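Read the numbers this way: they start at 1 and go in the same order the structure lists the ligands and their atoms. Values in this document were obtained by computation on a predicted structure and should not be read as measured data. The chain is numbered in sequence order, starting from 1.
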Amino acid sequence: MEVVVMIKWMMTLLMVFLIISPHEKVVTSQPLSANSRWIVNDSGERVKLACVNWVAHLEVVVAEGLSKQPVDVISRNILELGFNCVRLTWPLFLFTDDSLASVTVRQSFLKLGLTESIAGFQANNPSILDLSLFNAYQAVVASLANHNVMIILDNHISKPGWCCSNDDGNGFFGDQYFNPDLWIKGLTKVATTFKDINNVIGMSLRNELRGPKQNINDWYRYMQKGAEAVHAANPNVLIILSGLNYDKDFSFLRQKPISLTFTGKVVFEVHWYGFSDGQDWKTGNPNQVCGQVMGNMMRRAGFLLDQGYPIFVSEFGLDLRGTNVNDNRYIDCFMGWAAEYDVDWAFWTLVGSYYLRQGVVGMNEFYGIYNWNWCEVRNSSLLQKISVLQAPFQGPLVSQSRPHKLIFHPSTGLCVLRKSFFKPLELGPCSEAEAWSYTPQQVLTIKGTYYCLQADELGQPATLGLICTDPSSKWEAISDSKMHLSSKLQDGNQVCLDVDSNNVVVTSSCKCLSKDNKCEPGSQWFKIIDSSRPTTCAEEKSTLQIKNSVIFNVVKKLAENLWSW
Ligand SMILES: *[C@@H]1O[C@H](CO)[C@@H](O)[C@H](O)[C@H]1NC(C)=O
Ligand SMILES: *[C@H]1O[C@@H](CO)[C@H](O)[C@@H](O)[C@@H]1NC(C)=O
């Protein structure tokens, strides 16, 4: 008896603890708007969109996973995993065809023969099972909003089903299922329906324009019309516009900017996968492919940042089993780029498995955050790696900390730091990393100190020195990817910054700089990125340790000199 009471007590305490200490930190103060390339809240503070895609546009027309987990559990998990937002897809016909919208969830599953899903739904989300598809979609939005997750409503396709191909009839204005007038009607309906839900902060007007009909004139004509329609129905939401050719190409905007009656609401979305470039990553040299693909990205979309528009990478992702070489090489290059430009993004996908996809019942999603059961995370190390991109590095009012550089390591998502002066530099969380400056002479100095990064010996830890004028203190970004940081040893040999198996920062021979397609440069990829994230730890460390360390180093130098005498 006593024991039972005690256990009950502990459970209650645990519950209270769980309730009062959740990750639900985000009170973003909508509406959001665009201040040049940054998305900001109504106090002018940057809000970085760190979203995950949640699919609700397949044949069943119900947000995936609800036969596996209660909707509120999923909403809570999303925040706990560090995302602040969901890009929730919808098929146009859900909001334009009343006979589809009024079908109940149960009927929709039955029609497709998905009886097992009904049983799971009954157990996990009984209150949604007999709602209409329209109301079920609203229930998911409401749950996300209640958990303070921001929501972007993405018109993914017209006719419910897996997306996308050139000839699926959903690709461009005028295709079989893509009537522009009906589309405007649907956009207006969605904008109006969710007008009073402040957490709905944006609408993606149409996913991945594509196919033989695509052309620039119709892009301006209809995208402008769609944007005006949404803005008229709900002036608070961000208007998110897709480019041509599967959302990869905005190059036409260089010649002719978009023309709208309002400002400060437009965001451009791009998609970037490993397979966007076929098997190039696998068959080519990773440095050369990375350089080339990044160049294309900047020419086709990245230039919009300089034109004063935010870029939302609304889809990126990879096979989370870690066995796809093409994907593994791509993601490291992507990580470097995404950290450097500090763009807003949405990971593809949250989905662990689908009710029904492309004719397969219960299809496993190897790109999904959840495992098949929607219970555990499929690959926590991957999630850990991308988590560095969840907080902003820069932007209006991000923090009061002075701008500095971080030495970022894309393949781990970590940054260069020193645990203490007596330990070699290593990789660790970017939130605890050293703040550096990078001089025009290409010297990397820890801010607030005289210490610079130096190459010491081949295969040995990189060191911090005080004499920063010799070649071993000069770090140049080399190779086509510009992600190898290279320096020269005293003997004149070139080395590259690298990490050993203990995450210690060392210098080794530069590897796979070009041509070789069998070799993985990932451990040698570093990127010097701008940040104004708080650096309390670094500042603390420098004030506490600098005196000791300067004295130590002077003594060490003296001792070395004495020794060589
Ligand atoms: C997670 O991904 C990494 C590569 O990023 C891979 O090495 C690892 O095996 C994956 N883990 C699981 C459980 O699939
Ligand atoms: C922007 O809004 C202010 C209040 O208006 C909040 O205090 C900030 O926390 C919020 N910033 C972010 C990043 O959400």
Side-chain angles (χ1 to χ4, degrees), residues 23-35 38-51 79 81-85 145 147-152 198-202 236 238 264 273-274 281-282 286 310 316-336 338 342 344-345 347-349 352-353 364-373 375-401 409-414 427 499 501 503 520-523 525 531-534:
H23 297 239
E24 287 156 55
K25 47 181 183 208
V26 265
V27 180
T28 49
S29 294
Q30 288 89 1
L32 304 184
S33 57
N35 170 1
W38 308 108
I39 295 170
V40 297
N41 72 7
D42 66 356
S43 318
E45 182 171 350
R46 180 178 184 199
V47 174
K48 182 171 180 174
L49 302 178
C51 318
L79 276 191
L81 294 171
F83 301 101
N84 59 14
C85 141
H147 287 83
N148 221 347
V149 178
M150 293 183 282
I151 303 143
I152 290 166
N198 291 338
N199 275 49
V200 172
I201 52 93
N236 288 330
L238 295 171
Y273 289 102
W281 293 96
K282 190 179 173 187
F316 77 99
L318 72 161
D319 187 327
L320 299 180
R321 288 171 293 184
T323 46
N324 182 323
V325 174
N326 207 58
D327 277 359
N328 293 349
R329 291 176 172 180
Y330 138 83
I331 194 67
D332 290 352
C333 179
F334 175 85
M335 290 281 298
D342 201 9
D344 300 275
W345 52 265
F347 186 84
W348 186 275
T349 173
S353 58
N364 203 349
E365 173 56 276
F366 297 114
Y367 281 52
I369 292 285
Y370 277 122
N371 68 3
W372 187 84
N373 267 332
C375 293
E376 298 94 36
V377 159
R378 187 175 289 271
N379 191 325
S380 53
S381 69
L382 188 281
L383 203 61
Q384 184 61 41
K385 170 169 159 173
I386 64 165
S387 70
V388 66
L389 301 176
Q390 288 174 328
F393 288 107
Q394 321 169 48
L397 306 176
V398 157
S399 82
Q400 304 307 317
S401 152
H409 190 251
S411 85
T412 53
L414 300 174
L427 295 180
V499 287
S501 53
N503 269 356
E520 308 295 341
S523 73
W525 276 359
S531 175
S532 50
R533 277 189 191 177

Counting from 1 in the order shown, the ligand 2 atoms closer than 4.0 Å to a non-hydrogen atom of Asn41 are 1 (C), 2 (O), 3 (C), 8 (C), 10 (C), 11 (N), 12 (C), 14 (O)

Taking only non-hydrogen atoms of Asp42 and a 4.0 Å limit, the atoms of ligand 2 in range are 5 (O)

Residues passing the ring-ring contact (aromatic ring centres under 6.0 Å, His included) test with Tyr273, sequence neighbours excluded, are Phe275

Next on the checklist: Please tell me whether Ser381 and Asn379 have a donor and an acceptor in their side chains that are separated by less than 3.5 angstrom.
Outcome noted: yes

For Asn198 and Gln30, which I'm curious about, is there any donor-acceptor pair between the side chains at under 3.5 Å? no

Arg46: heavy atom below 4.0 Å from ligand 2, yes or no?
yes

Enumerate, one pair per line, all nitrogen or oxygen atoms of ligand 1 lying under 3.5 Å from a protein nitrogen or oxygen, stating the separation to 0.1 Å; write 'none' if no such pair exists.
from: ligand 1; atom 1: 2 (O); to: Asn379; atom 2: ND2; distance (Å): 2.3
from: ligand 1; atom 1: 11 (N); to: Asn379; atom 2: ND2; distance (Å): 2.9

Sorted by chain and residue number, the side chain to side chain donor-acceptor pair (under 3.5 Å) partners of Ser380 (sequence neighbours excluded) come out as none

side-chain hydrogen bond (donor to acceptor under 3.5 Å, both in side chains) pairs touching residues 384-396, sequence neighbours excluded, are Asp332-Lys385

* Note: Arg533-Asp342 ion pair, threshold 4.0 Å (strictly below) -> no

- prompt: Any idea how Phe316 and Phe334 line up, ring-wise: parallel (<30°), tilted (30 to 60°), or perpendicular (>60°)?
  reply: parallel

